[in-house]
Protein chains: 2
Amino acid sequence: MDIFSTLQEEKARLSPSENRIADILLNDFEFAVNASIIELAEKADVSPPTVTRFCRRVGCESFSDFKVQLARTAYVGMRYLRPEPKSRDPADVAQDIITKAQNALFLLHRSLDLAAIEHAAEKIAKAEMIYAFGSGGNSSMIASELQNRLFRFGLHVTASSDHGMQLMLAAAAKSTHVIVGSSFSGRNTELVRSFTLARETGVTTIALTQADSLVAKAADIVIPIDLAEGNNIFRPTSTRIAYLAAVDILASLVAYNIPQAAVTLRRIKQQLVAHRDGDDRQLLGD
Amino acid sequence: MDIFSTLQEEKARLSPSENRIADILLNDFEFAVNASIIELAEKADVSPPTVTRFCRRVGCESFSDFKVQLARTAYVGMRYLRPEPKSRDPADVAQDIITKAQNALFLLHRSLDLAAIEHAAEKIAKAEMIYAFGSGGNSSMIASELQNRLFRFGLHVTASSDHGMQLMLAAAAKSTHVIVGSSFSGRNTELVRSFTLARETGVTTIALTQADSLVAKAADIVIPIDLAEGNNIFRPTSTRIAYLAAVDILASLVAYNIPQAAVTLRRIKQQLVAHRDGDDRQLLGD
DNA sequence: AACTTATCACGAAAATAATTTGCAAGGATC
DNA sequence: GATCCTTGCAAATTATTTTCGTGATAAGTT
């Protein structure tokens, strides 16, 4: 558990002095990580012992432990406060995008429902056929990414971003099949229709989408991806990167659920080694 | 500049005692961030003053400054040492993937050639037509991502993952056009051919690829993406995320190079707001 | 070759600074 | 008015840094 989560949970229960310390952390993080206990105490207008007690309160052993914890989580966890890059200077834009992407990964990791993903992975590994559905540029990319990952494990998979096609595939699917659908907004009603139709035949439906959304409600297994407070601040790219990472995790777990996974993975690795040896024949997966 | 870069540069010039300290950092990082100067000194079999001197040597103010620096860069910068997740446990797999993705972003940021990206962005913003080329699953995703981003700014753009089509488009392109090609391996010879053909007509060619690769040599402007030592260790997904982030940066800079960018961006934002208001009409870019 | 002399790495101990603990005073709450 | 909580003070403890001196190595000198 990182400090900032603890802080948000505990904040209400903190005393006035401790609250002043918390405010400094949130507002002037750069100062906080570099300050000594005395400097921090002065700035918060409290005594050093109070700072020590504060550190214990938020789950740290000591003040120095606290600083280390702060430095490690905060590097990726605290910068989304700025909705726009500082300036149009390329360096600022780059830093902004990189930070937000890392942040999205951080938040994804924190809110990941591993049980759901593992459950989904088991179903996918056993499926006779897998359909990856998603539309609208972002989710369609996720769908083809799923196809791209899963076929390498010897699974039967097809991706579609076409609503009409999705409906037909869903109608034709059997109970041994699995549909994985992605919707960033959670309000892709066509996807909901495909899910509903498929479930009538007992097809397993898996959704990568916002928790409690329309799409989520229509699926058997939901892999919720909620980028919490950031949702409105992040540009879609950050969210997309989080989705990609989620797909990556899902695909890796699928691999582990397939008996010959070790063999498959070894073969993939040999491929990679062959790449590096540098012969010029066309590479798989450029 | 982070500590680990400094360390690699300085390592040769360090004294034996200092080298022992460096080894502890590299091998037992967890210990190092949590240890006091005395504990660290003991483990390295040196005296505390030597540790202090070491910290100064690698560019830190003091030992505690050193620990903070260590903690902040290392969170994303140091974990690629483990080529495989600790276990097949979902939590470990997830952590492994997230860390490697963050790490890829970190390394990308560090090695980014901003001048090249800015230069590319200017060309793209002024282009009458833009072709986004890439094949093989990964790069084709990058190509469609480019299309997906650029058309929103009112630019004329088409993506293609088909070598034959790419050649024809390249042959038909004019000097006011721009081709953006992506190749993870840098050895997509068909892309090289398209680039070479296009340059005969004075078409600007931009490559997202490994520096000094075949593809890089064939392009006018190279946006190098080298994930240094990690290249062979990372699974392709991490690299792909880095590429995506690079595209995101490029696209943002393109937006800033278009006169009505502010207006466009505002309109995009209004779109986002409209989304959240929750009417159920089909959303753009699900 | 032997003897300075300079330079550097390093640790011991002292000095300093930072952190924690124990305790008591001041408030708030019941 | 008793109790509990918060807080700061001062002392104790601990950590860190500085100072200083030793020994090693290298370069120059006799």
Side-chain angles (χ1 to χ4, degrees), chain A residues 3 6-74, chain B residues 3 6-74:
Chain A
I3 291 195
T6 320
L7 213 58
Q8 290 195 315
E9 280 174 23
E10 289 278 317
K11 193 139 204 292
R13 264 169 291 169
L14 293 177
S15 70
S17 303
E18 289 173 328
N19 250 299
R20 257 173 288 144
I21 301 174
D23 284 340
I24 290 179
L25 296 191
L26 296 168
N27 295 324
D28 199 351
F29 165 77
E30 273 307 315
F31 170 82
V33 278
N34 292 313
S36 76
I37 196 172
I38 295 172
E39 291 168 322
L40 184 58
E42 268 176 16
K43 180 138 182 173
D45 209 17
V46 300
S47 66
T50 305
V51 177
T52 296
R53 284 185 280 254
F54 172 83
C55 298
R56 301 261 156 84
R57 196 100 184 238
V58 294
C60 299
E61 289 268 313
S62 63
F63 178 69
S64 50
D65 180 34
F66 167 78
K67 282 227 294 189
V68 169
Q69 300 281 333
L70 200 62
R72 29 168 50 167
T73 60
Chain B
I3 291 195
T6 319
L7 214 57
Q8 290 194 316
E9 281 174 22
E10 291 277 316
K11 195 140 202 292
R13 263 167 290 169
L14 293 178
S15 70
S17 304
E18 288 173 330
N19 250 298
R20 256 173 291 146
I21 301 174
D23 284 340
I24 291 179
L25 296 191
L26 296 169
N27 296 323
D28 199 351
F29 166 77
E30 273 308 314
F31 170 83
V33 278
N34 293 314
S36 75
I37 195 170
I38 295 171
E39 291 167 322
L40 184 57
E42 268 175 15
K43 181 140 181 170
D45 209 20
V46 299
S47 66
T50 304
V51 176
T52 297
R53 282 186 284 254
F54 173 83
C55 298
R56 302 260 157 85
R57 195 102 184 233
V58 294
C60 300
E61 288 267 313
S62 63
F63 178 70
S64 51
D65 179 34
F66 168 77
K67 284 227 293 189
V68 169
Q69 298 284 332
L70 200 62
R72 41 169 37 171
T73 60

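Values below: every heavy atom of this structure, side chains too, minus hydrogens, waters and symmetry copies. A note on names: the letters A, B, ... follow the listed sequences, proteins ahead of strands, and every chain is numbered from 1.
Atom CG in B:Asn19 sits about 13 Å away from atom C1' in C:dA9, given to the nearest Å. When the P atom of C:dC8 is taken as reference, atom CZ of B:Arg13 falls 14 Å away, rounded to whole Å. Rounded to an integer number of Å, the gap from A:Leu40 CG to C:dA17 C1' is 17 Å. Residue A:Asp65 contributes atom CG, which lies 13 Å from atom P of C:dT19 at whole-angstrom precision. The distance between atom CD1 of A:Ile21 and atom P of C:dT19, rounded to the nearest whole Å, is 13 Å. The CZ atom of A:Phe54 sits 18 Å away from the C1' atom of D:dG8 (whole-angstrom rounding).
At C:dG11, one or more side-chain N or O atoms of B:Thr50 fall inside 4.0 Å of OP1 or OP2 (strictly under the cut-off). Using a 4.0 Å cut-off, some side-chain N or O of B:Ser17 falls inside it from OP1 or OP2 of C:dC10. Taking only side-chain nitrogens and oxygens, B:Ser15 never comes nearer than 4.0 Å to OP1 or OP2 of C:dC8.
Side-chain contact check for B:Ser15 and B:Ser17: no donor-acceptor pair (N or O, by modelled atom type) lies under 3.5 Å.
Shortest non-hydrogen contact noted between B:Val68 and A:Lys67 is CG2-CE, 4.2 Å. Residue B:Ala71 comes nearest to A:Ala71 through the heavy atom pair CB-CB, 3.7 Å, listed as atom of the first residue, atom of the second, then distance.
Residue-level contact check: A:Val51 touches neither bases nor backbone, having no heavy atom under 4.0 Å from any strand.
A:Arg56 places a side-chain N or O within 3.5 Å of a backbone atom of A:Glu61 that can act as its donor or acceptor partner.
In this view, B:Arg57 and B:Glu18 satisfy the salt bridge (charged side-chain N to carboxylate O under 4.0 Å, His left out) rule, not counting sequence neighbours.
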Using a 3.5 Å cut-off and no angle test, enumerate the donor-acceptor pairs between side-chain atoms of residues 35-45 of chain A and protein atoms at least two apart in sequence or in another chain.
residue, atom, partner, partner atom, Å
A:Ser36, OG, A:Ile38, N, 3.3
A:Ser36, OG, A:Glu39, N, 3.3
A:Glu39, OE1, A:Ser36, N, 2.8
A:Lys43, NZ, A:Asp28, OD2, 3.2

Distances under 3.5 Å between protein N/O atoms and the N/O atoms of nucleotides 13-21 of chain D, please, pair by pair.
residue, atom, partner, partner atom, Å
D:dT16, OP2, B:Ile37, N, 2.6
D:dT17, OP1, B:Phe63, N, 3.0
D:dT17, OP2, B:Thr52, OG1, 3.0
D:dT18, OP2, B:Arg56, NH1, 3.0
D:dT18, OP2, B:Arg56, NH2, 3.2

